Protein chains: 2
Amino acid sequence: MIVRQAVNVLEILEYFARVKKPATLAEIADHFGWPRSSTFNLLTTLAEKGYLYEPRPRAGYYPTPRWLVLAREVAEVEPLPGWTRALITALSAETGETVAIVAPSGVMAVFIDVVESAAAIRYFAKVGHRVPIHATSSGRALLLQYSKDERDSLYRKIEFKQYNHTTPISIDAVEAELRKSLERGYCQSFADYSRDLAGVAVPLPIGERRLSVVVAGPEYRIGDKTAAIAVTLQQAVERFRAK
Amino acid sequence: MIVRQAVNVLEILEYFARVKKPATLAEIADHFGWPRSSTFNLLTTLAEKGYLYEPRPRAGYYPTPRWLVLAREVAEVEPLPGWTRALITALSAETGETVAIVAPSGVMAVFIDVVESAAAIRYFAKVGHRVPIHATSSGRALLLQYSKDERDSLYRKIEFKQYNHTTPISIDAVEAELRKSLERGYCQSFADYSRDLAGVAVPLPIGERRLSVVVAGPEYRIGDKTAAIAVTLQQAVERFRAK
DNA sequence: CTAATAAATTCACCTGTATGTACGATTGAA
DNA sequence: TTCAATCGTACATACAGGTGAATTTATTAG
């Protein structure tokens with residue numbers, strides 16, 4: 001069951017991150033289609049807790065820096081080493097596509113750092129973006145770092161859905177794809193999950209952490225270049241990790 | 001009316017900022033005394049939205065960097081100029097007390113940047129901390145920047161509570177205190193709101209924004225030094241603002 | 001000024017949701 | 001292996017809390 005008021009808090013935060021200016025109760029209520037009274041309750045709750053304030057009289061609410069303070073405290077634990085950002089920035093520049101660092105989360109894979117392509121048509125993904133671990137190149141690059149036992153216990157929880165006609169819909173199909181990935185030296189996917197989207201990924205273990213890097217973009221741009229992209233990817237990883 | 005699940009989201013964020021490591025569902029449920037099922041709903045909601053993930057199998061949940069990304073986007077709007085941090089850091093070092101930058105929020109004043117005293121006995125205040133605008137030195141340093149009309153419309157909303165025996169409990173009392181503050185050149189309060197707490201504050205207008213700086217600590221340390229602290233405060237402001 | 005309009009706030013009722021309970025999965029001990 | 005203990009997940013039900021309507025407060029127009 002989804003907790004609606006929890007989602008609303010997140011949406012308010014995302015709203016302010018987008019509009020980047022104070023907003024009145026009425027504006028927020030109208031934007032989300034929420035009743036004024038409910039919006040009132042939510043905004044006063046957040047304000048009372050010190051997460052929203054009214055910078056100028058009648059100009060509306062805006063988040064306090066408290067979000068930043070807490071987010072920093074949380075993020076400074078096990079931060080990614082500095083070179084990963086340089087890595088994905090460089091890779092995005094070289095390939096012209098969106099590049100991300102990905103971490104496991106149960107049966108899903110989560111984007112924990114992203115540099116988006118500058119192209120007009122691009123893979124639009126944000127930090128926090130989640131994709132099925134078995135049906136994406138980035139996810140399978142994580143699975144390659146799991147033991148067979150660990151993979152098996154994951155497989156039991158996976159709900160094999162046919163997102164697209166190339167989606168692997170059985171344990172065997174996934175295992176087969178993993179074997180193929182090992183042979184070719186990198187993971188790939190063609191719209192296994194997202195329509196028109198192709199990805200090339202490799203494992204990126206950092207200390208104890210099992211991560212992966214993925215270069216992803218529209219199938220027609222990636223399609224016949226997966227091998228070349230994989231080489232770029234692997235060389236970049238070697239180059240930056242060495243430092 | 002307080003929105004409980006909104007508060008719960010904030011508490012989870014604060015919890016992780018405190019413990020700085022992944023926590024399992026059971027740990028979180030026990031810590032807050034929440035039912036497992038409710039905790040389950042909340043955690044899966046936050047995870048589905050990309051705000052929590054499970055870095056390692058069975059090690060529990062942890063916030064994703066998405067919080068940081070959004071908090072940064074929100075905070076980079078109208079950031080405080082760099083010198084304010086230097087100012088409060090220097091002031092805290094010079095006075096040995098907690099120093100904060102404060103902004104108005106309706107009838108309350110909100111701490112938007114804080115450097116805490118290193119002393120064992122100190123004013124423990126965090127960013128987001130809220131105090132009544134009329135019953136604190138920092139708040140009155142904000143009121144000094146309001147026009148009479150603006151103050152009057154605020155007064156109508158204030159619920160005059162006797163927090164302590166020195167609390168001003170009428171419009172006249174507040175206005176009188178403001179006049180005295182003007183004469184002496186700075187604002188002060190002795191436990192008007194928080195027991196045992198004394199504060200010395202001055203207005204700090206920055207561009208269009210009405211802010212204040214406050215030096216606050218236990219009455220017995222601040223008590224007879226308010227004038228000296230005020231001088232330190234004003235000189236520091238001049239020094240840092242000049243740059 | 002006064003009226004009209006819009007925004008913010010309050011409140012009681014009824015609905016959407018938090019939770020008690022039960023079940024299944026996982027882990028560790030023997 | 002089996003068993004016990006713990007943890008995670010599903011679901012129906014009672015009731016906490018979201019919402020529509022009314023009231024108050026603020027703002028704009030004339």
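It should be emphasised that the depicted structure is a prediction, and the values quoted were computed from it without experimental measurement. Chain A is the first sequence line, chain B the second, and so forth, proteins listed ahead of strands; every chain is numbered from 1.
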Next item on the list: Identify, between B/Ser153 and B/Glu27, the residue whose nearest nucleotide on DNA chain D lies closer to the 5' end.
Entry: B/Glu27

Grab the [atom1]-[atom2] distance between [X] and [N] for me, whole Å please.
X	N	atom1	atom2	answer
B/Asp149	D/dA26	CG	C1'	13 Å
B/Ile28	D/dC7	CD1	C1'	13 Å
A/Leu52	C/dA8	CG	P	14 Å
A/Leu42	D/dT19	CG	P	10 Å
A/Glu159	D/dA10	CD	P	10 Å
A/Leu25	D/dT25	CG	C1'	14 Å
B/Tyr61	D/dC7	OH	P	14 Å
B/Asp152	D/dA26	CG	C1'	15 Å

Margin query: Rounding to 10°, can you tell me the angle the first-five-pair axis of the helix from C/dC1-D/dG30 to C/dA30-D/dT1 makes with its last-five-pair axis?
Written below: 50°

SB check [X] [Y] (cutoff 4.0 Å):
X	Y	result
B/Arg209	B/Glu78	yes
A/Arg66	B/Glu14	yes
A/Glu76	B/Lys20	yes

Margin query: Taking B/Trp34's backbone N and O only, do any of them form a donor-acceptor pair with B/Ser38's side chain (distance below 3.5 Å, no angle check)?
Written below: no

Notebook entry, point to check: Can the positive tip of B/Arg184 be found less than 6.0 Å from the middle of the six-membered ring of B/Tyr186, inside 45° of the ring normal?
Noted result: yes

Notebook entry, point to check: Does the cation-pi check pass for A/Arg210 over A/Tyr146, that is, NZ or CZ under 6.0 Å from the six-membered ring centre and within 45° of its axis?
Noted result: yes

Next item on the list: Please name all residues satisfying side chain to side chain donor-acceptor pair (under 3.5 Å) with A/Arg140, sequence neighbours left out, ordered by chain then number.
Entry: A/Asp192

Item checked: Closest-nucleotide 5' rank along DNA chain C - winner of A/Thr24 and A/Arg156 -> A/Thr24

Checklist line | Heavy-atom protein contacts under 4.0 Å, nucleotides 16-22 of chain C, coded B base, S sugar-phosphate only, - none | finding: SSBBB--

Next item on the list: Give the minimum heavy-atom separation between B/Phe40 and B/Thr44, together with the two atoms involved.
Entry: O-OG1, 2.7 Å

Item checked: Which atom of B/Ser138 lies closest to which atom of B/Val131, heavy atoms considered -> OG-CG2, 4.1 Å

Checklist line | Minimum-distance nucleotide to A/Arg36 side chain [options: D/dC7, C/dA7, C/dT10] | finding: C/dA7

